[in-house]
Amino acid sequence: MSRSNIRRRLVLAAIAAVFTIPVAIAAQQPAAAPSAILLRPARVFDGTDVHEGWTVLVRGEKIERAGPAAQVGTPADARVVELPGATVLPGLIDAHSHILLHPYNETAWNDQVLHEALALRVARATNHLRATLDAGFTTLRDLGTEGAGDADVGLKQAVNQGIIPGPRLIVVTRAIVATGSYGPKGFDPRWEVPQGAEEADGVEGVTHAVRSQIAHGADWIKLYGDYRWGPNGEARPTFSIEELTAAVETARSSGRAVAVHATTPEGMRRAAMAGVETIEHGDDGTPEVFRLMAQKKIALCPTVAAGDAILQYRGWKKGVDPEPASITAKRASVKAAIAAGVTICSGSDVGVFSHGDNAREIEMLVDYGLTPVQALRAATSTDARVLHMEDRIGSVAPGLLADLIAVEGDPTKTITSLHHVTFVMKGGVVYKGEGTAAR
Ligand SMILES: [Zn+2]
């Protein structure tokens, strides 16, 4: 970080302190943070494997050293943070979130999209971002505002400018759907009802929507390759391969990648043929379509936590009632994806359930067939690679951004440890645990 950046950050922190926290608390804040911080946990999961007895040295916004304690040493100017019994990990990544939604058992999706004021949704989202960071998630790929316009772009700016605490955000703005396929649905045909995403059709129309969303601040492009618009409300493919290909080529030309929502084998096949980079959900994926994805190096975000939550909202008493057929089928499809060699990313579809509970996905990936280490890789180094950010985040290694968290115990043995986050640092700034900065 340059000196001018450091100065800027200090000024921003001072401004934030004046406006957001009581004077009595502000007076207790140290004048300036020491230049180096040494994290001394029991072990470090570096994004790939676990290492007992490692320490991590952070200087400014980056990791300077990580390795066996004796090799890392303790520089004279370092402030030591003791984390006995804890595991330090890269800040967790959730590659599929909806920061502008809140759980459907609180308010149905239709009502959130149509009834809730934009300012209300944004105000709620600031709480969601704080809860997410507090839970150890330092990066989100937020896959659609669901009717909240381009509000994700402003929220990202608010986080980046230090106005509100939150994870790094990769945003897609409104997402793109084929006309007539999405929701809210079920109104008198006289009414043109605002939709939860931007409608576009044809190669020209889709190309324009991609360019327009880029102009509005999209980092990735998200399309719905199928949706529940079949004659009986079942999921059916929406965009043609030509439309999807136009989206991919337009996005790629601008240096951006495409994520596609698809649950049907044909929707997934078209997305794969078009060269998208991630497929979201993939519920009814067949071994054939997973082989195609593996061959084309397309990652799958199975979003297992969302389906599980929705069925519980519909009355399934998990652990008491027998497992619903759709959950059993989902287990089988995730297993088929793993068997086919598809890269599994960790993306929870949080927003369907409570923000800050994102670790449910990682935990459930273990329940669905990954080892704890594989699931932790998915939420760190794999997600970072899928997001093209592996040179900045997702691993504990020198030169990477100091996005580091600590959890009680060893999550490589007991994945539920992820629910006990005791320390959160993003870009070298401590947000939770010893040495938390004013915010
Ligand atoms: Zn979603």
Side-chain angles (χ1 to χ4, degrees), residues 93-110 112-113 121 124-125 128-129 132 137 139-152 155 167 169-178 181-184 195-198 213 218-229 235 238-239 257-264 267-268 271 276-285 299-311 313 326 330 334 344-358 360-362 364-365 378-379 383 386-387:
I93 303 171
D94 191 331
H96 188 141
S97 68
H98 295 283
I99 209 70
L100 284 142
L101 289 175
H102 61 108
Y104 297 176
N105 61 338
E106 294 172 9
T107 308
W109 181 86
N110 277 9
Q112 295 190 40
V113 172
R121 297 186 67 183
R124 226 195 269 278
H128 297 161
L129 289 167
T132 306
F137 285 77
T139 302
L140 297 182
R141 183 180 60 162
D142 202 64
L143 285 183
T145 62
E146 306 288 350
D150 303 325
D152 52 352
L155 286 165
L169 291 176
I170 294 123
V171 300
V172 305
T173 75
R174 288 173 289 171
I176 303 171
V177 292
S181 65
Y182 204 47
Q195 295 291 285
E198 182 176 2
Q213 295 195 353
D219 300 310
W220 272 63
I221 295 297
K222 194 230 186 146
L223 298 104
Y224 285 73
D226 54 33
Y227 208 70
R228 296 186 293 274
W229 71 325
T238 52
F239 292 114
V258 170
V260 165
H261 163 117
T263 61
T264 64
M268 294 170 71
V276 310
E277 298 205 9
T278 67
I279 290 179
E280 309 302 310
H281 316 301
D283 293 15
D284 298 330
L300 173 72
C301 282
T303 66
V304 290
D308 179 86
I310 286 169
L311 281 162
Y313 299 157
S326 62
K330 181 70 180 175
V334 172
I344 304 293
C345 52
S346 181
S348 68
D349 219 355
V350 66
V352 170
F353 60 94
S354 294
H355 293 278
D357 210 5
N358 312 57
R360 260 202 222 184
E361 180 74 13
I362 307 169
M364 287 192 57
L365 285 173
D383 273 0
V386 166
L387 298 176

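When a ligand or atom number is given, it counts from 1 through the structure's own listing order. The basis for the numbers below is simple: all heavy atoms, side chains too, and nothing from hydrogens, waters or symmetry mates.
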Task: Which residues share a side-chain contact (heavy atoms from CB on, under 4.5 Å) with S326, sequence neighbours left out - done: L311, P324
Task: No-hydrogen, no-angle side-chain donor-acceptor test under 3.5 Å, E146 and Q112 - done: no
Open item on the list: Could you check whether D142 and S97, counting side-chain N and O atoms only, form a donor-acceptor pair closer than 3.5 Å?
Closed with: yes
Open item on the list: Assess, by modelled atom type and distance only, whether the side chains of T263 and D284 contain a donor and an acceptor separated by less than 3.5 Å.
Closed with: no
Open item on the list: Can you confirm whether the side chains of E280 and H96 place a donor and an acceptor under 3.5 Å from each other?
Closed with: yes
TODO: Using only heavy-atom distances, determine whether the side chains of T278 and R141 contain a donor-acceptor pair under 3.5 Å.
DONE: yes
Task: Protein N, O or S atoms lying under 2.8 Å from the Zn ion (ligand 1), listed by chain and number - done: H96 NE2, H98 NE2, D349 OD1
